Structures are given as structure tokens and as C-alpha cells.
Amino acid sequence: MNVIFVNSIEFSREPQDLPLGIMSLATVCNLEKDIHAKIVDFGHLFSNGLLMKSYNLDENIETMCSYLMNLGADIICFYSMCSSYHLNVMLSKKIKERSAHTIVFFGGPHASLTAEDSLRAFPWVDYIGVDEGEKTIVPLLHGAISGRVENLPGVAYRAQNGDIIVNRAPICDVNTLPFIDYSIEGIKIGDSVPIDVGRGCPFNCAYCSTKTFWKQCFRLKDIERIVFEIKQIKQQYGVSRFSFVHDLFTVNKQNILEFCEKILDEKISITWSCSARLDTLTDELLEKMSDAGCRDIFLGIETGSSKMQKIINKNLDLNLIDKLIFFVNKYKSIDFTCSFMYGFPLETIDDLKETLDLIRRTWKSGVTSIQLHKVTFLPGTALYEKYNGQLKYDPLCTDFTEQSYINDEAIEFITNNKSIFPQFYTIPSVATQFPFLNYFVIYIYQTIDTYMPFTSSFLSSIVGDDILSLYNSFEKSVSDLVQKLSLSGVAYLQKAYDTGLIFDTILEYLSVVLLPRYSYIYEVSKFEIDSIRFVRGEALVMHKHYSFDVLSLMGEGVLKSNSCPKSVDILLEKKDEDIISAKYI
């Protein structure tokens with residue numbers, strides 16, 4: 001039996017991590033003598049030029065279908081995430097049209113949470129694996145081949161009378177799962193390796209679907225097992241960087257302290273990242289984590305409004321932000337990422353401003369990275385259950401979907417099946433009032449503040465600390481970019497950021513904000529961007545002309561003087577990899 005597991009499809013960029021979920025399932029399958037399983041990751045294939053990607057969705061569907069057909073699989077299993085579920089639906093439909101005998105399986109969080117509706121809406125999907133699949137996948141594959149899956153746990157299927165039957169699967173004991181095979185065909189190890197250290201989250205946030213998928217059952221693998229896996233992978237692949245995959249690694253303080261002690265006692269030289277919740281972190285814990293190699297921690301803060309913290313059932317005490325700032329400044333070896341959301345029902349502009357104020361405060365305190373996302377209505381969440389009757393289709397409603405790859409067929413699927421695709425729906429909120437605020441904060445505000453200190457300082461002097469005012473001028477001034485965002489969203493900005501074209505966008509924005517009144521500051525902005533580009537480039541010298549004496553302005557302090565009207569020619573010279581000198585010609 002030849003089985004292909006298809007990773008959640010990414011066109012915009014290569015997936016950040018290896019697909020541990022389907023790697024675990026493929027590992028289980030390959031332990032059987034009569035099953036050969038491999039993995040296809042189209043995000044990797046497209047990003048690395050192994051398949052030619054088009055900006056036309058139909059052409060990409062044809063390319064992917066032909067690729068899969070040439071592999072001659074008996075069963076194709078699609079791993080589903082909310083971001084690309086419509087792509088799974090379209091690609092599987094094309095496969096059935098080309099090869100009716102090929103069995104199509106869906107699995108993963110999104111398919112599991114919409115199993116009954118998906119089978120009813122998409123007749124070309126034969127079966128949906130629900131819940132955790134390691135204990136059920138082999139019997140299900142054999143049952144699919146024989147056409148008999150009745151009474152098997154972990155599957156949704158169509159009965160002979162047309163009814164949809166959903167047989168839920170039991171919770172897995174994560175310590176009994178086989179060690180994941182990182183050499184599975186279709187997988188390429190990079191310089192950092194993810195490790196499945198456990199599953200589930202004990203909290204009950206209103207916007208989160210993983211609590212439903214994992215049945216709110218928190219599990220952490222035994223420390224001995226986690227350490228053994230690390231040593232095995234390190235020895236086999238020479239990798240010393242790891243990301244611990246778990247919704248909330250730090251729930252049990254004593255377990256994590258034990259883990260850190262073991263890493264230190266055995267002198268295992270690694271670095272690692274994890275997700276945490278702010279109120280689970282202590283000074284003692286972070287000190288041990290830092291000593292044991294922790295270098296990145298992801299924190300979901302979500303909102304800067306105490307009122308909204310209660311409404312969304314996050315219930316994080318925002319007074320702990322002072323502790324976070326203390327941690328950030330004490331543990332310099334750890335990079336902290338703070339994630340926020342906006343567009344919750346009942347969220348007001350004042351609530352949003354509190355979130356933006358907190359974003360600015362944490363960013364200025366030294367937090368390494370800030371994320372801002374629009375609220376996404378997901379199946380299996382309290383938020384969706386409460387508001388599904390009010391949701392309206394809006395292609396701009398989220399930054400979690402492959403919105404640049406949607407055609408008329410996809411829109412028809414989405415608009416006819418709200419219960420399956422609620423991630424494309426929303427209600428009027430502050431997110432619909434400020435549709436590109438998330439992109440502005442992530443790509444414009446943070447870039448200016450990180451790389452253009454003089455420009456950032458001046459912008460603060462004219463608008464204070466009000467990020468919303470900066471955004472309003474952005475949306476009004478860069479109409480061409482706003483149009484591109486409407487069509488392509490994060491895909492466009494990610495490409496612009498990766499290629500350095502983001503600085504053209506920033507200059508376009510600043511030209512409207514600063515000219516003609518603050519033309520001398522605009523010249524300073526140009527100098528700062530020229531310096532960044534020079535450092536990134538290969539040239540050893542660069543000659544630039546400026547309408548004002550930017551070196552004097554920066555030397556005096558941009559905020560103090562505009563009394564240097566003379567134009568200058570400046571020569572930039574590289575002294576070291578990231579160091580340049582600037583002098584008058």
C-alpha cells in the first residue's frame with residue numbers, strides 16, 4: 001500500500017517547521033511491512049524551485065495534481081490547517097477527477113473539527129481522520145482499502161444510508177508513541193529541528209481551537225524521553241538547535257526545572273525555543289531555562305485591555321507586563337516574541353489603543369519581535385459558536401489564510417459553507433475599521449523603529465506614542481500599497497521585506513507624512529535607508545547626494561535643528577560586515 005501524506009499547502013513562503021504531525025503518522029505507517037508512506041510538502045517544493053509556482057491558482061492546482069498522480073499512491077492523506085483548507089478541497093477534487101480510484105483522506109485540526117460538514121459538502125473526500133491519529137491510522141488505511149471502516153475509532157465516513165458517522169478517537173499516551181523518523185522520504189532536515197514534547201493546553205481561551213482538538217487535555221512527555229530524543233537527533237543529524245512543539249511548554253514548573261537540570265547535568269550543548277504563558281514564568285525558571293540553552297520564548301499576550309482579557313477568557317493579569325520587562329532586560333540571551341490580536345467582538349477603539357500602547361511599551365523595552373494578528377473565527381471555538389449567526393464573508397478578514405491564492409471556485413466553496421470556512425468571515429469590528437493595521441505594525445512600524453532611529457524619534461515627536469495616528473496617515477498616503485494588500489496581503493509584504501523593497505514603501509509613506517514641511521527629516525530618512533541598503537549590498541563604497549546636511553542634522557539631534565539647508569555629497573565606506581563610515585566629499 002503506497003500512502004502519501006500531503007502537508008498543509010503554503011504558496012507564500014516555505015513552512016517554518018517540519019510537519020511533525022504527518023511525520024509521526026508516516027512513522028507509524030512505515031513500521032508496517034505492507035505500507036510505504038512518504039511526505040509531500042509543496043511549500044518546500046515551490047520555495048526551493050523544485051516545482052514551478054505560478055501566480056495563477058488553477059495552474060498551481062494542476063501542477064500539484066500532476067506531481068501527486070505521478071507518485072502512484074493508493075491513498076493520499078491531506079493534512080489540514082485553516083490557512084489553506086480551501087486548497088486541500090480544490091486539489092483533492094482535481095485528483096478525484098483524474099483518478100477516481102485514488103482514496104482521498106483528510107486529517108488534521110481543521111478537517112477534524114469540520115468533519116461532518118466537510119463530508120457532506122465535498123463528496124470526493126472519502127474519509128476524514130479525526131482527533132489524534134497515531135493509534136488509529138493503520139487500521140483506518142486497511143479499512144479504507146477494503147471499504148470497511150465501520151466501528152473503527154478516529155474516522156468520519158458516509159454510511160450506506162447517506163448518514164455521516166463520526167467515531168471519535170481516544171487520547172494518546174504521548175510516551176507510548178514511536179520516535180519520529182526524521183529520514184522519511186520527502187523530509188529535509190535543516191539547521192533547527194522541531195521536537196514534539198507534548199500536546200494540549202489546560203486553558204480555555206475563547207478564540208482558540210486547539211483546546212477543542214486536543215480535548216483540553218494537557219500532556220507533557222516524560223523528561224527522560226524528551227532528553228533521549230534530543231540526544232538521538234543531535235547524534236544522528238549533527239543538529240544542536242531545537243524548537244519544542246507544544247502549545248504551552250511551561251505549565252508545570254517542576255517538570256521544566258527537572259528538564260533543565262538534566263540538560264545541564266549531562267552537559268548537552270543545545271539551544272532551544274518554546275511557547276509559554278506569561279503567568280507561568282518565574283525568575284527561578286527563566287534562569288534555569290537560560291542556563292540550559294533556551295534562546296527563544298513565544299508569548300501570547302493577545303490584548304492590552306483588561307476588559308478584553310476577561311471577555312476572551314484569556315484572563316492574563318496585565319500587571320505582569322512589568323515582570324516581563326524585567327525578564328527581557330535581565331535575560332539578554334533569550335529572545336522574547338509577544339503576539340497580540342485585534343478585532344474581537346465588543347472591542348472598542350479605546351481597547352485597541354490599550355493594545356497598541358502595550359505593543360509599543362514591550363517593543364521599546366527590548367522584546368525581540370512583536371506580532372499583531374486579526375482575530376480569526378475558527379471552528380471549535382467559543383468565539384465562533386457565539387457569533388456564527390452574525391458572520392459575513394470578508395476576504396480581508398484574516399492574515400492566516402492564503403488569500404492571494406483564491407479563485408472563483410474557492411470563493412464558491414467558502415461562501416456556500418460558512419461552517420467549514422469561518423476563517424473567511426467576520427463581523428464589524430475595529431479590525432474592519434483598520435484593516436491593514438496588523439501589516440503596518442509588523443512591517444512598517446517595527447522596521448522604522450529598528451533600523452531608522454532618527455526617523456522613529458522624529459515621528460514620535462510629532463504624533464506622540466499614538467501608533468493609530470501613524471497608521472491613519474499610512475492608509476491614506478500609500479494607496480498603491482493598500483491596493484496590493486487588498487489583493488495579496490501578507491504575501492506581498494513578506495516578499496517586500498525579504499528583498500528589501502519594503503524600504504521603497506517606507507519612503508513612499510514618509511514622503512507623504514514629512515513633505516514638504518519636514519523635508520530635512522525626509523532627507524535623514526533617505527540617508528538611514530541608504531545606509532541599511534549599503535550594509536546589505538556587496539559594494540565597498542557608495543556615493544549619495546542629499547538636499548540637506550544630514551550628518552550635521554543627525555549629529556545635533558534631528559529634533560533640535562533644521563538649520564542646515566546646504567546640500568551635501570556623502571561617501572559611505574564599508575569598514576566591517578555591519579559597520580560603515582560616512583564622510584563629506
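Below, all heavy atoms of this structure are taken into account, side chains as well, without hydrogens, waters or symmetry copies. Quick caveat: nothing in here was measured; it's all calculated off a predicted structure.
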**OP:** Can you measure from CD (E409) to NZ (K93) and round to the nearest 0.5 angstrom?
**Re:** 5.0 Å

Original post:
Who passes ring pair (Phe, Tyr, Trp, His ring centres under 6.0 Å) against F105, sequence neighbours left out?
Top reply: Y127

**OP:** Please tell me if the side chains of V251 and P202 come closer than 4.5 Å, counting only heavy atoms from C-beta onward.
**Re:** yes

Original post:
Roughly how far, to the nearest 0.5 Å, is CG of L87 from CD1 of I9?
Top reply: 5.0 Å

Original post:
For atom CG of D265, is the number of surrounding heavy atoms from other residues, nucleotides or ligands below 6.0 Å larger than 12?
Top reply: yes

Subject >> Aromatic ring pairing Y85/H110, orientation class (parallel under 30°, perpendicular over 60°, tilted between) >> reply: tilted

Original post:
Side chains of S66 and R98: is there a donor and an acceptor less than 3.5 Å apart?
Top reply: yes

Original post:
Who passes ring pair (Phe, Tyr, Trp, His ring centres under 6.0 Å) against F377, sequence neighbours left out?
Top reply: none

**OP:** Step by step, work out the side chain to side chain contact (heavy atoms under 4.5 Å, CB included) result for V89 and F106.
**Re:** CA-CA 9 Å; V89 170; F106 275 15; 4.2 Å; yes

Original post:
Would you say the side-chain atoms of N30 and D181 include a donor-acceptor pair closer than 3.5 Å?
Top reply: no

Which donor-acceptor pairs under 3.5 Å do the side chains of residues 384-394 make with protein atoms, sequence neighbours left out?
unit_1 : atom_1 : unit_2 : atom_2 : d
N388   : ND2    : Y384   : O      : 3.3
N388   : ND2    : E385   : O      : 3.0
D394   : OD1    : L396   : N      : 3.0

**OP:** Measure centre to centre between the rings of F179 and F228, then say whether the value is under 6.0 Å.
**Re:** yes

Subject >> Euclidean distance, N7 CG relative to F5 CZ, rounded to 0.5 Å >> reply: 12.0 Å

**OP:** Compare every heavy atom of S80 with every heavy atom of G107, then report the nearest pair and how far apart it is.
**Re:** O-OG, 2.7 Å

Original post:
Does a donor on one side chain and an acceptor on the other come within less than 3.5 Å for S269 and K234?
Top reply: no

